[in-house]
Protein chains: 2
Amino acid sequence: MDFLSFLTSLATSFIIFVVLMLLFTWLSRKPGNAEVYYPNRILKGMNPVEGGYMTRNPFAWIWEAMYSSETDIINMSGVDTAVYFVFLGTALGIFVFSALVLLPVLLPVAATDHSIRAENTTSNGTFTQLDKLSMGHVGNSVPRLWAFIVATYWVSIVAYFFLWRAYKHVTELRAKALMSPEVRADQFAILVRDIPSASGGQSKKEQVDSFFRAIYPDTFYRSMVVTDNKKVNKIYEELEGYKKKLARAEAIHAESKKTNPDALKPSHKTGFLGIIGEKVDSIEFYNDKIKELIQQLEGEQKVTLKEKQQSSAALVFFNSRVTAASASQNIHAPIVDTWTVIDAPEPRQLIWTNLSKKFYQRIVRQYVVYAVVFLTIFFYMIPIGFISALTTLDNLMKLLPFLKPVVKQKAIKTVLEAYLPQLALILFLALLPKFLLFLSRAEGIPSESHVTRAASGKYFYFSVLNVFIGVTLGGTLFTSFKSIENEPNSIFSVLAESLPQNATFFLTFVALKFFVGYGLELSRIVPLIIFHLKKKYLCKTEAEIKEAWAPGDLGYATRFPSDMLTMTIVLCYSVIAPIIIPFGVVYFGLGWLLLRNQALKVYVPSFESYGRMWPHIHTRMLATLILYQVTMCGYFGVKKFKATPVLFPLPIFSLIFGFICQKKFRRFFVSPALEVVSHELKEVPNMEIVFRYFIPPCLSAGKSDEHQFEDALSHASKTGSSTV
Amino acid sequence: MDFLSFLTSLATSFIIFVVLMLLFTWLSRKPGNAEVYYPNRILKGMNPVEGGYMTRNPFAWIWEAMYSSETDIINMSGVDTAVYFVFLGTALGIFVFSALVLLPVLLPVAATDHSIRAENTTSNGTFTQLDKLSMGHVGNSVPRLWAFIVATYWVSIVAYFFLWRAYKHVTELRAKALMSPEVRADQFAILVRDIPSASGGQSKKEQVDSFFRAIYPDTFYRSMVVTDNKKVNKIYEELEGYKKKLARAEAIHAESKKTNPDALKPSHKTGFLGIIGEKVDSIEFYNDKIKELIQQLEGEQKVTLKEKQQSSAALVFFNSRVTAASASQNIHAPIVDTWTVIDAPEPRQLIWTNLSKKFYQRIVRQYVVYAVVFLTIFFYMIPIGFISALTTLDNLMKLLPFLKPVVKQKAIKTVLEAYLPQLALILFLALLPKFLLFLSRAEGIPSESHVTRAASGKYFYFSVLNVFIGVTLGGTLFTSFKSIENEPNSIFSVLAESLPQNATFFLTFVALKFFVGYGLELSRIVPLIIFHLKKKYLCKTEAEIKEAWAPGDLGYATRFPSDMLTMTIVLCYSVIAPIIIPFGVVYFGLGWLLLRNQALKVYVPSFESYGRMWPHIHTRMLATLILYQVTMCGYFGVKKFKATPVLFPLPIFSLIFGFICQKKFRRFFVSPALEVVSHELKEVPNMEIVFRYFIPPCLSAGKSDEHQFEDALSHASKTGSSTV
């Protein structure tokens with residue numbers, strides 16, 4: 001890619017960005033779009049246009065975002081989102097401080113070196129303007145390289161400083177959230193798994209109750225055995241489905257009555273897809289169905305609570321959050337793979353079906369999933385290549401002859417020929433996050449937030465290994481494969497050798513990501529179109545409209561790895577081609593600003609894990625830093641610089657730094673510290689509410705009295721007082 | 001070593017054993033020796049000769065030992081000793097069950113094979129009678145080797161079975177000990193380290209009190225800040241010394257009065273070694289000194305308690321053992337390298353000076369110690385060889401000319417010439433356990449039992465690497481060094497090749513260990529002689545006599561590794577030369593019997609860690625098993641047996657087995673399980689006694705009232721009730 005096409009691509013991206021920004025400014029001021037641009041405010045019961053966004057400066061959102069405090073973010077979007085901004089801020093800080101030294105020092109040093117040109121006067125000017133500013137322009141083993149050595153150290157030191165500061169800050173955030181005087185149901189419960197089978201005809205509930213009451217006589221409140229809810233859940237979902245259909249039929253009827261008072265009641269056929277079968281009056285039919293299902297549900301609820309307690313998991317409630325926090329960290333039985341405990345996740349993020357998976361089953365599942373992920377990361381190209389080879393246009397026509405007339409069209413043929421080979425890859429990449437989430441869920445993890453963390457880790461390894469290392473090595477790898485085979489260490493020198501060749505590619509990649517990616521993010525063009533289409537043609541009831549604009553959450557599982565990929569790229573090129581750093585600064589700066597707006601106004605978090613994501617982010621940033629340091633060692637080796645060993649302590653420093661961080665901070669992100677939760681609550685918790693909060697909807701539906709929970713859900717402790 | 005000399009050596013050992021046994025039978029029946037043969041019974045206030053040992057069958061002790069139950073052992077010698085017998089029993093079980101299959105099958109298979117002799121008819125009969133019974137006698141790649149493959153699996157399976165059974169049993173033992181209704185002081189305390197520096201002019205005591213009282217308002221009793229006791233301890237020890245001297249002087253005076261009523265009071269000179277200086281009346285002098293020191297001590301105690309609280313460690317007491325057990329497992333502060341907690345060891349095994357070592361200091365110390373141990377294990381021969389070279393007789397005479405006349409004596413010269421070269425090695429081996437204990441203590445470990453465990457691990461690696469692998473490879477290693485350098489994996493085939501050559505050596509080694517070692521152990525000849533010499537010539541007071549027969553403990557730090565070495569040798573040879581198994585059976589059987597006697601009657605445990613040694617023993621037995629399995633893979637490879645890969649899964653099975661054991665049992669040996677400690681106590685604990693139990697003697701000496709503890713030792717909690 002020459003310099004001109006680089007500039008062209010940059011300019012194109014920028015124009016798209018500007019257009020999208022203008023679109024956003026225009027669209028977000030239309031009242032009819034408020035549900036798309038301010039859903040978080042609407043759901044929180046706030047006025048979406050408070051402060052007069054519609055009338056004021058069209059760029060007011062920028063000031064809003066910039067001057068919003070961390071507390072605003074926590075209030076509007078939770079601690080996890082605040083932690084995400086700490087991450088963006090850390091990356092930004094690292095790059096800004098690196099740039100302050102690297103740009104004014106390294107660019108002149110690189111640009112004014114003439115040793116290579118002097119040596120290779122015969123080379124036909126392969127140095128573009130961009131390459132002149134990179135380390136590739138500096139001759140081998142010249143003293144100037146010392147400046148790059150110092151720069152490598154400087155970037156590392158800046159990274160240590162910001163990483164340390166961030167970990168400390170996130171610890172404070174988490175502590176503050178956990179010590180909040182608000183009563184949070186999940187702070188009063190623990191999740192117990194691997195309960196051994198009861199002896200002597202005890203029911204599971206009695207077993208759990210007597211076990212915990214003996215240990216915590218004063219603070220045990222009651223327990224809830226996790227039941228097998230498959231059947232009752234199915235009935236419940238069916239019921240909810242019919243309720244929606246009824247509401248829809250009624251809405252249609254009401255509408256048609258408005259125009260024609262004698263309009264027929266809506267009707268449909270009961271057979272397959274409403275095409276065949278007996279024709280019935282919809283409203284009557286749905287009402288009958290609902291009545292019938294409510295009866296079924298009640299019966300099944302009783303059966304489930306009484307007879308489906310075979311599961312080995314339970315939630316245990318305490319009337320003190322110190323006891324709950326303490327209980328979640330203790331071993332309770334001398335055989336430590338039984339009665340395993342963790343602090344209860346929020347009820348909304350509990351994965352009920354995973355709770356009763358057994359201890360060793362979880363371990364085996366974990367390793368199997370790791371193996372599958374490993375195979376996916378390293379060999380995903382094989383099936384995709386195979387499918388691509390099969391799905392050529394000719395093959396397609398042979399297999400599906402009825403497509404022939406369509407495919408023969410000139411225009412369609414051209415498009416298909418261009419995209420068919422990549423179709424498998426595109427589909428794969430689109431489905432990959434879902435696949436990784438599915439795999440993580442299959443590990444037997446009990447909460448959604450943990451699944452997100454696990455999937456995000458897998459996606460990170462996939463992106464770094466395939467996009468960064470894959471693209472960099474690209475063809476080089478196969479030609480150099482022999483040398484790598486003989487000497488595995490040389491992978492780093494091969495990587496280092498191929499780095500400078502790809503600098504321009506990655507510059508464009510990062511620029512595309514922030515201009516087009518963030519432009520789409522802010523303007524929300526796609527959700528806007530979908531919302532309006534749905535609203536116009538599909539939605540009949542209020543509930544359906546609300547569903548149509550439901551904003552979802554920030555999507556950490558893909559957002560973190562994608563940012564981490566950018567960080568890896570910028571960090572690894574920071575010294576080799578310092579011109580990339582401003583791109584990194586823009587990426588994280590613009591990201592910080594835009595997502596601040598989105599977090600305040602658009603996205604609604606689907607869980608709160610009190611910043612548990614952080615240790616994973618930290619570890620991955622450190623891994624990126626080590627990759628950068630090792631690559632630099634390799635690159636200086638390629639440059640035949642004698643002082644290269646000066647860099648060798650760097651990865652060791654990073655490992656020690658990581659070790660200390662882990663010792664100092666990690667465990668608090670696994671278990672709540674007692675000092676923190678011992679802060680006073682603003683009110684005595686109503687344990688009945690706390691308890692009911694955890695009852696899955698399929699069991700609580702249609703209930704107002706509690707006597708039917710007696711069977712799987714234990715009585716309130718007689719001795720338990722309600723004070724904390 | 002030919003067969004005859006092997007038999008001779010075996011016979012000699014056996015005769016020594018018989019002589020020592022007879023000596024024991026004779027000596028132990030003399031009433032004057034009761035303190036040497038029954039000290040544990042005497043210290044427990046029991047009649048040493050209860051049941052009429054003196055008059056009954058001289059072999060009565062055998063029945064006594066055999067029919068003593070595990071409960072007897074626990075009552076007389078604690079859980080740790082019972083765990084030691086579980087270890088002996090496990091090793092015995094593994095070898096007995098292995099022998100049941102291996103001896104009747106492998107010996108005939110090996111003895112009846114003629115393939116090698118048939119091939120090498122020219123070899124001049126290198127097969128002794130013993131070698132005929134070993135795997136070395138079986139030809140290469142003959143189908144008979146299948147029997148040995150099956151045997152390898154059989155030994156592994158037997159080992160898994162017994163290891164699993166033992167871990168389960170020890171878990172029960174530990175649980176039983178921890179749930180005992182007796183009030184044990186250490187179950188009500190936790191040890192807190194890494195307390196951050198207090199803010200706002202708080203004293204350490206106030207800081208600790210307010211911290212824990214906030215978290216455990218109902219169960220916190222009081223705290224004891226660890227003070228810097230160096231000075232007060234020095235005064236205390238001086239005082240104790242003078243008290244002993246006074247008692248001695250008075251005893252001498254009383255004795256001399258008996259024979260001569262006008263005897264002079266004992267006197268001594270105050271100068272260097274009592275040789276020079278002013279002559280004083282001893283009794284008067286000591287009395288003055290004691291008075292003076294008591295005053296000094298009281299003053300220093302006050303100063304220490306008030307001003308020497310800079311230490312970052314404290315003991316915290318709770319009036320419930322469930323809370324104490326729970327607190328020892330929780331994180332208390334969000335910065336998790338502060339306020340680190342562990343369950344308090346018994347006061348008698350606390351290493352006070354280690355308590356206030358800082359978190360990272362401990363980690364650094366640990367790694368430094370590991371490095372030193374590594375160097376010691378691998379390169380200890382270098383300085384020893386160097387010293388040996390220097391301390392030849394000629395050099396000695398040159399350096400210390402005054403020795404010349406002595407050394408010139410023919411007899412002395414011969415002895416010196418024989419032993420001088422080994423002198424450094426002998427000294428090194430004698431001092432090694434002490435050195436390893438010193439190193440382990442230097443790690444910053446807070447309790448003696450933990451130090452013992454750590455030292456025992458280090459000694460284990462030293463013995464296995466140097467004695468077993470060292471002797472086996474011996475010269476072979478150096479000749480094969482080149483091939484190992486090129487191919488590190490080949491170390492196992494070199495090891496495997498050299499194994500059969502050394503079978504006889506190790507047979508003799510094991511036999512020597514049990515006949516002579518256990519003979520000396522049971523007869524206690526050395527302690528007996530020392531006791532009688534001391535009693536006759538040195539001891540004047542009752543206290544001095546008691547000190548002279550104080551039996552000490554079983555010495556786990558050296559006993560375990562020594563047994564483990566035997567186990568390694570027997571296990572590794574079990575299939576190659578099955579004839580070694582009976583030796584292993586005798587070693588562990590005889591050991592079990594003899595030490596049972598010693599545990600019941602002689603040794604007094606110096607600490608109780610409730611079986612915490614077990615996970616370490618288990619891991620090392622498993623490591624030994626894996627060494628055996630890998631060696632067998634190597635040996636079958638040397639035998640060029642095609643089916644060798646059949647053995648490859650074995651080490652993997654062992655690793656999985658170890659992983660499951662760790663997951664299932666390990667954590668209970670780190671922290672007490674709450675279910676266990678929630679069992680009821682037989683009485684409400686008197687917290688005052690519990691607390692006083694932990695006051696170091698140098699601070700409690702000469703005190704009866706408690707008000708002076710106010711400063712470093714906090715007040716009893718006002719809110720703390722005394723119920724549990």
Side-chain angles (χ1 to χ4, degrees), chain A residues 167-168 170-176 178-179 194 211-219 320 322-323 325-341 359-360 363-364 367 656 659-680 724, chain B residues 167-168 170-176 178-179 194 211-219 320 322-323 325-341 359-360 363-364 367 656 659-680 724:
Chain A
Y167 219 143
K168 248 179 130 167
V170 173
T171 302
E172 282 158 19
L173 280 183
R174 179 171 161 84
K176 222 160 129 190
L178 289 179
M179 71 171 69
D194 311 303
F211 186 85
F212 283 98
R213 191 167 288 139
I215 297 174
Y216 306 101
D218 301 325
T219 44
S320 141
V322 175
T323 310
S326 162
S328 73
Q329 303 175 44
N330 292 326
I331 51 166
H332 287 85
I335 302 296
V336 291
D337 64 356
T338 61
W339 297 100
T340 56
V341 288
F359 191 80
Y360 294 104
I363 293 175
V364 171
Y367 282 104
I656 294 174
F659 178 78
I660 293 175
C661 284
Q662 159 145 3
K663 285 279 174 198
K664 197 171 188 76
F665 301 113
R666 183 70 185 252
R667 226 186 118 193
F668 178 52
F669 287 83
V670 177
S671 309
L674 297 193
E675 184 198 12
V676 166
V677 292
S678 71
H679 281 250
E680 256 181 51
V724 179
Chain B
Y167 219 142
K168 249 180 128 165
V170 173
T171 301
E172 282 157 20
L173 280 184
R174 177 169 163 86
K176 223 161 131 189
L178 289 179
M179 71 171 69
D194 312 303
F211 186 85
F212 283 98
R213 192 167 286 142
I215 298 175
Y216 306 100
D218 302 325
T219 44
S320 140
V322 175
T323 310
S326 162
S328 74
Q329 303 175 44
N330 293 150
I331 52 167
H332 287 85
I335 303 296
V336 291
D337 64 357
T338 61
W339 298 100
T340 56
V341 289
F359 190 81
Y360 295 102
I363 293 175
V364 170
Y367 283 103
I656 294 175
F659 178 77
I660 293 175
C661 284
Q662 158 145 6
K663 285 278 172 197
K664 200 174 186 75
F665 301 112
R666 183 70 185 253
R667 228 187 116 193
F668 179 50
F669 287 83
V670 177
S671 309
L674 296 194
E675 185 198 11
V676 166
V677 292
S678 71
H679 281 250
E680 257 181 52
V724 179

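The figures that follow rest on heavy atoms only: side chains count, while hydrogens, waters and symmetry mates do not. Quick note on labels: first sequence line is chain A, next is B, and so on, each numbered from 1.
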Who among B/Phe665, B/Phe212, B/Tyr360 has the most heavy-atom pairs with chain A under 4.5 Å?
B/Tyr360
Among A/Ala325, A/Ala327, A/Ala333, who wins on heavy-atom pairs under 4.5 Å with chain B?
A/Ala333
When you look at A/His679 and A/Lys176, which way does the side chain to side chain contact (heavy atoms under 4.5 Å, CB included) test go after all the steps?
CA-CA 10 Å; A/His679 281 250; A/Lys176 222 160 129 190; over 6 Å; no
Could you tell me whether A/Lys664 and B/Asp337 have a side-chain N and a carboxylate O separated by less than 4.0 Å?
yes
Which bit of [X] comes within less than 4.5 Å of chain B, counting heavy atoms only: side chain, backbone, both or neither?
| X | result |
| --- | --- |
| A/Phe359 | side chain |
| A/Leu178 | neither |
| A/Phe659 | side chain |

Could you tell me if the ring centre of A/Tyr167 sits under 6.0 Å from that of A/Phe669?
yes
Side chain to side chain contact (heavy atoms under 4.5 Å, CB included) test vs B/Asp194 passes for just one of B/Thr340, B/Val341, B/Val336, namely B/Thr340
Relative to the ring of A/Trp339, is the ring of A/Phe211 parallel (under 30°), tilted (30 to 60°) or perpendicular (over 60°)?
parallel
